[in-house]
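Report on the following structure.
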Amino acid sequence: IRINMTLPNKASLHIVILVVVCLALFLPGSLMRGLWTPDETRYAAVSKAMVDSGDWLTLRVNGQIYTQKPPVFFWAISLFGLLSGGVNDIAARLVSVFSGIGTVAATYIFTRRLFNGSIALVSCLVLGTTLAFFAASQMVMLDALFTFLTVSAIYLLYAGIEDGGRMRGIRYFAAFTLMALATLTKGPVGIILPVLAASAYALLKGRMKALLSWGATLGFIAFLAIIASWLVPACIRGGEEYTKELLGRQIFGRYFEAFDHKEPLLYYFYAFPAGFLPWAVLLPAAISLLVKDRKDGRVKLLAAWPLSILFFFTISSSKNILYTLPAYPAAAMAIGYWWDKERRPLRYLFISIAVMLALSASVSLFVMPHIDRLKSPKYFGSRIAEHIGHEGNLSVYLVKPVYWLYYSGRNQMDEFHDYDKLDKYLRSTERVFCIIELHIYREYISANKNHGYLVDYEGYRKGNALALISNRIK
């Protein structure tokens with residue numbers, strides 16, 4: 001069965017189908033669990049502090065300036081939070097859910113321009129059901145939003161290369177605006193990846209002159225202006241140490257000398273196929289077809305786009321399976337192209353999607369709640385808030401505060417690392433509380449019998465149990 005759907009009303013129907021499928025895939029997993037440590041709870045805490053303080057310029061967590069990420073992702077969460085009466089689990093997740101849907105829609109528009117509506121529909125259904133894309137679209141992480149902005153920018157750069165006249169400049173301006181937002185989401189890769197993909201395609205097509213136009217120059221000026229509008233005042237307010245940490249270590253230093261996510265050179269040779277499951281099994285056949293049709297200009301784009309991204313991250317010292325997510329739409333397009341060329345029945349694809357939807361719903365209903373109890377501080381954190389309210393004095397001992405700020409309803413709490421400071425804290429004249437590992441609390445009680453009462457406890461990750469203790473029974 002080969003369906004040729006090229007009319008605008010059929011394109012609208014495709015978009016509706018894709019949105020419904022994506023919502024069915026992404027929402028259950030988003031609504032059936034709490035936020036997980038370490039990143040999701042940290043990002044929610046940063047966004048909550050932003051909304052509560054009204055300071056949208058300088059990111060903060062636990063009362064300290066937060067330098068690890070630029071602000072756009074946190075602005076997005078905070079905006080959803082304002083619309084829903086405050087930062088909450090749903091507001092935090094909707095950024096990724098809508099970003100995932102946006103990437104699917106952008107991929108549809110892109111593929112439909114390159115090929116036709118039938119290939120676009122297949123490509124987008126494949127994209128939405130790949131393991132890494134499916135997961136990223138439910139997580140409170142930067143990758144889904146970054147991918148949406150990056151893929152949209154690549155499309156606009158491609159359209160600018162192919163379109164002449166006035167539209168070229170308009171498309172380049174829009175592309176560089178999106179690249180500025182992507183850069184303010186995840187750093188310089190926001191401009192590097194789209195420009196790298198577009199440049200590789202332009203070189204293969206002999207169209208570099210079209211890319212290096214006055215429209216691109218004006219777009220780049222707009223890019224710099226948007227970046228400077230946040231970066232300059234943020235660095236002025238944050239000071240020299242903040243500027244060095246943000247620019248020198250977090251944004252630029254991470255690429256050349258990783259301090260986390262260290263992986264071997266050939267990491268993506270197995271990580272990319274793993275993230276692209278279950279459709280990775282079709283990649284060899286799709287790649288073989290692309291090689292056969294390599295003289296086709298559209299095929300050159302499908303090669304230049306993912307290969308440039310994979311090469312860039314392969315030589316980086318910091319690697320993560322989600323970093324290459326902006327290459328997934330191109331791989332999905334390749335499979336859609338192969339599916340159409342081979343005249344594969346669409347019913348096989350729809351059956352596969354139905355099975356995945358059933359599996360996703362089953363995991364969300366029956367498996368995820370058990371995993372969630374182990375990975376999310378939601379349950380114990382909510383009980384802590386009930387025990388002491390949002391104004392009570394709460395601290396942590398040898399436990400990371402960013403795990404507990406959000407669910408305990410706080411923007412700041414003290415952190416202790418030795419018995420003497422903990423002992424002094426628990427001798428306070430007012431009632432105070434502390435989160436501590438249960439076995440450490442028992443050791444503390446054996447040495448200080450008159451201080452520290454167990455208020456509540458909960459089994460947590462890796463078999464550990466955490467306790468809420470207080471210096472008074474009531």
Side-chain angles (χ1 to χ4, degrees), residues 18-33 36 39-40 93 95-108 111 121-148 150-151 261 263 266-287 305-306 309-310 313-314 319-336 338-339 348-368 370-372 375:
L18 291 171
V19 169
V20 171
V21 170
C22 287
L23 287 174
L25 282 167
F26 304 155
L27 275 183
S30 298
L31 300 177
M32 297 297 291
R33 69 178 180 90
W36 291 356
D39 292 324
E40 290 190 321
R93 292 200 190 284
V95 176
S96 293
V97 170
F98 286 142
S99 295
I101 294 172
T103 302
V104 168
T107 302
Y108 180 86
T111 314
L121 179 63
V122 172
S123 301
C124 291
L125 289 172
V126 167
L127 174 64
T129 51
T130 59
L131 181 61
F133 190 89
F134 168 76
S137 298
Q138 304 173 62
M139 299 163 65
V140 185
M141 301 285 282
L142 290 71
D143 302 278
L145 176 59
F146 177 76
T147 299
F148 166 66
T150 303
V151 170
H261 301 309
E263 299 292 347
L266 301 181
Y267 170 74
Y268 290 115
F269 280 84
Y270 55 87
F272 187 87
F276 206 76
L277 287 171
W279 306 106
V281 295
L282 299 179
L283 282 176
I287 293 171
W305 173 357
I309 292 175
L310 286 169
F313 283 117
T314 293
K319 297 178 176 66
N320 184 285
I321 194 170
L322 295 180
Y323 287 178
T324 56
L325 214 58
Y328 278 49
M333 289 181 194
I335 289 178
W338 170 85
W339 198 286
Y348 292 159
L349 179 66
F350 294 135
I351 291 172
S352 300
I353 301 298
V355 171
M356 291 178 199
L357 285 170
L359 286 174
S360 174
S362 299
V363 170
S364 297
L365 289 171
F366 303 113
V367 178
M368 193 58 67
H370 300 286
I371 299 175
D372 196 42
K375 294 184 69 68

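- Ring centers of F272 and F269: at least 6.0 Å apart, outside the cut-off.
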Fill in: side-chain contact (heavy atoms from CB on, under 4.5 Å) between R93 and R33, intermediate numbers included
CA-CA 11 Å; R93 292 200 190 284; R33 69 178 180 90; 3.0 Å; yes
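- Across all non-hydrogen atoms, the minimal contact from P273 to A280 is O-CB, 3.2 Å.
- The nearest pair of heavy atoms linking G336 to V122 is CA-CG1, 3.8 Å.
- Remark: aromatic rings of F133 and Y328 are distant, center separation not under 6.0 Å.
- The minimum heavy-atom distance between A144 and A136, with the atom names listed, is CB-O, 3.6 Å.
- In this structure, W36 and D372 have side chains that are in contact, with non-hydrogen atoms separated by less than 4.5 Å.
- Side-chain contact between L127 and W279: absent, with no pair of heavy atoms (C-beta onward) separated by less than 4.5 Å.
- Atom CG of L142 sits about 9.0 Å away from atom CG of D39, to the nearest 0.5 Å.
- Of all non-hydrogen atoms in A271 and I321, the two that sit nearest each other are O-CD1, 3.5 Å.
- Taken to the nearest 0.5 Å, the CZ atom of F134 stands 13.5 Å off from the CG atom of L277.
- Minimum heavy-atom separation, F148 to G102: CD1-C, 3.4 Å.
- The OG1 atom of T129 sits 8.5 Å away from atom CZ of F276, with the distance rounded to the nearest 0.5 Å.
- One finds the SG atom of C124 at 7.5 Å from the CE atom of M333 (value rounded to the nearest 0.5 Å).
- Shortest non-hydrogen contact noted between M32 and L365 is CE-CD2, 3.8 Å.
- No side-chain donor-acceptor contact under 3.5 Å links S360 to the backbone of M356.
- The distance from the CD1 atom of I101 to the OG atom of S96 is 11.0 Å, given to the nearest 0.5 Å.
- No side-chain heavy atom of F98 sits less than 4.5 Å from a side-chain heavy atom of L145.
- Separating the OG1 atom in T111 from the CG atom in L121 is a distance of 10.5 Å, to the nearest 0.5 Å.
- Under a 3.5 Å cut-off, the side chain of W339 and the backbone N or O of S123 do not form any donor-acceptor pair.
- T324 contributes no side-chain N or O that, together with a main-chain N or O of L310, makes up a donor-acceptor pair within less than 3.5 Å.
- Between the side chain of Y268 and the backbone N or O of N320, at least one donor-acceptor pair lies under 3.5 Å.
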